[in-house]
Amino acid sequence: MAGVYIYSDRMDLAAELVGFVKENQNSAQVLCFTQAEADQLTSIGADKVCYLQGDSPLVENYGQAIAEYLKQANAELFVVGATARGRDLAARVAGYLDCAMVSDASSLSLESGKLRAERMMYGGAVVQSEEITGLCVVTVAAGKYQPVTGSASVETVQVTADNRVKLLETAPIVKEGVDLRQACNVVCVGLGLEKEEDLKIARDLAAAIDAELGCTRGVAEERHWLPVEQYIGISGAIIKPQLYISMGVSGQVQHVFGVRDAKVIVAIDSNEKAPIFRSADFGIVGDMYEIVPLLTQAIKG
Amino acid sequence: MSKIIACYKWVADEADIKINPDLTVDLKKAKGKISDYDRNAIEAAVQAAGSLGGKAVSLTFGNASAKQSLKDALSRGPEEGYWINAEEAATADGSITAKALAAAINKIGDYSLIICAEGASDTYARQTAPRIGAALNLPVITSVVQMTFNGNSLTAVRKLEDSTETVQTELPAVVAILPEANEPTIPGLKAVMAAGKKPVTEYTAADLGIDFTPKNQVTAVKGYVMNRKNIIFNEGSTADQVKALAAALRKECVL
Ligand SMILES: Cc1cc2nc3c(=O)[nH]c(=O)nc-3n(C[C@H](O)[C@H](O)[C@H](O)COP(=O)(O)OP(=O)(O)OC[C@H]3O[C@@H](n4cnc5c(N)ncnc54)[C@H](O)[C@@H]3O)c2cc1C
């Protein structure tokens, strides 16, 4: 069946993507790889649920199989949820189809066979608009479209996996961090912080203004001082607090991308030329070790 | 000797991008750099050559400006450089980039492993490794934070949002590594000097025999600007500045 095909390893995101397709009154076919997923997906308003049955626990191993399936089905568009697994699978499918792909589209419209998409470039500094005719693969992050409801039947199709990559072991990552996306206020530390113990000055300020603690990518991924869920930016959490206060954060575009929707941005950094000041409402140039405790005091009053 | 190929992209430094008042984008003053995470890919190739055996080499698809990247890449440890010198790189989409790299990889020949980064700092599209895998029909492992080799077999740890996975495949294979996989070494003077003497092979667009017409038509490129107050408190002592900041936050009703 022609129309739009959808896949996400996150069921909630698959539902949002069906919502997108239905906004445009297209037909939506959702792909999945287990019976349990198929059962969940029958109520999200798709026209059909396609249960692709094979023998691999890794969905990435179905890249070529999906490419062949989409070609046979005469698909117009393949929309994939932008998760680590989704992005990988989507690019493999695009590779096997040798077709166009738009990664992490920030806006999307499909009209008479022509896809118009926008996406961020240079860490968010630039928006690029693209037009594609013909079959295309797109990845879309969560939170952009509203899910709908409606029931669909399941069609089971046998597919062959590429089993050259074998899964030996899987272990859940225990989430230690807080969900910054819900936070009203956020205090953010960057690599300007010298020692892990010094997180205390940030925690004290956070306690004074009832804020959650966030950080830049390096603080979490390289120094491991805070859980990875707590780093903010284009590859981390995208937040919209009332108040965001940064200290020792240079404000590179990839980080600032994650705080664009904050109501008020405050920057404390010793380098007056740091780009964070161009993205801030209020700033103080100076040593955070001096300024932050004073600010905590001033707020406590 | 079997090669471990690190793919990298020479990109404009996003920190130097100027957005004009009419939102047009000025890249003229932007310096070039090896895309941040591609330095991790190069480091991973050098480390893999150490444990797996073989020779680390670097490969880039770029226009004339990418010439500057060759010495930089080689100073980071690869023994040989390969450069697809093609003006077409400037308009390449994900499909063309992967096909150009795949065609060059076929020319380089005798490889055991192809290493890409998570994504380039300009497009951050994260398509290249899976697409190269498809073009060469090789096994692909993405989101890799650790690799161990046992004979011809690669065991990799992947980091996904909610889980880690240990997977295994036989070489040759394509991997995309995350920046947490390693800490790229900063080349010393000696490495920089030695880099100039390492061999570089150049391919032209015509050598590759692929169609360079992009499938993604770029219709507009616009700068993103955020309108903020940009008020710096710089009067008086630090204590005065902090007081002024606290007062401003109270006025905004965010305290
Ligand atoms: C593709 C890609 C994706 C990325 N995604 C993200 C992302 O999602 N999130 C993210 O955060 N980064 C991301 N990055 C990295 C990003 O480009 C920056 O490197 C990073 O945000 C910098 O972190 P930082 O500001 O903590 O460190 P630095 O840039 O090192 O800045 C440290 C700052 O501390 C200041 N400082 C030092 N000492 C003091 C002191 N005593 N008092 C006050 N100030 C002091 C310095 O002046 C400096 O401005 C990404 C990069 C790429 C290429």
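A/Val264 touches chain B through backbone and side chain together, each having a heavy atom under 4.5 Å away. Only the side chain of A/Leu58 comes within contact range of chain B, judged by heavy atoms closer than 4.5 Å. Contacts of A/Lys263 with chain B are made by both backbone and side-chain atoms, with heavy-atom separations under 4.5 Å. Interface residue B/Asn230: backbone and side-chain heavy atoms are both found under 4.5 Å from chain A. Of the two parts of A/Ile209, only the side chain, counted from C-beta on, holds a non-hydrogen atom closer than 4.5 Å to a non-hydrogen atom of chain B. Residue contact with chain B, scored on non-hydrogen atoms closer than 4.5 Å, is absent for A/Glu229. Only the side chain of B/Ser143 comes within contact range of chain A, with heavy atoms under 4.5 Å apart. Contacts between A/Val174 and chain B at a heavy-atom distance below 4.5 Å are absent for every atom of the residue.
The backbone N or O of A/Glu131 lies less than 3.5 Å from no partner atom in the side chain of B/Thr219, so there is not a single donor-acceptor pair. No donor-acceptor pair under 3.5 Å is formed between the side chain of B/Glu165 and the backbone N or O of A/Ala171.
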### Message
Evaluate A/Ser103 against B/Gln127 for side chain to side chain donor-acceptor pair (under 3.5 Å), listing each step before the verdict.
### Response
CA-CA 8 Å; A/Ser103 299; B/Gln127 297 180 19; 2.9 Å; yes
### Message
Would A/Val165 and B/Gln168 count as a side-chain contact (heavy atoms from CB on, under 4.5 Å) here? Give the steps.
### Response
CA-CA 6 Å; A/Val165 177; B/Gln168 193 219 321; over 6 Å; no
### Worked check of side-chain contact (heavy atoms from CB on, under 4.5 Å) between B/Leu160 and A/Arg85
CA-CA 7 Å; B/Leu160 307 171; A/Arg85 223 187 268 295; 3.2 Å; yes
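Of the charged side-chain nitrogens involved, at least one lies within less than 4.0 Å of a carboxylate oxygen, so that B/Lys159 and A/Glu221 count as a salt-bridged pair. The existence of a salt bridge linking A/Arg217 and B/Glu180 is confirmed by a sub-4.0 Å separation between a basic side-chain nitrogen and an acidic carboxylate oxygen. Contact check on A/Asp88 versus B/Arg126 returns no salt bridge, with no Lys/Arg side-chain nitrogen under 4.0 Å from an Asp/Glu carboxylate oxygen.
Judged purely by distance below 3.5 Å, without hydrogens or angles, the side chains of B/Tyr124 and A/Asp104 never pair a donor atom with an acceptor atom. If you check the side chains of B/Glu14 and A/Gln252, you find no donor sitting under 3.5 Å from an acceptor.
In terms of non-hydrogen atom pairs under 4.5 Å with chain A, the most contact-rich of B/Val167, B/Thr142, B/Asn216, B/Thr169 is B/Asn216.
In this structure, B/Arg228 forms no cation-pi arrangement with A/Phe282, as its terminal cationic atom is not both closer than 6.0 Å to the ring centre and no more than 45° off the ring axis.
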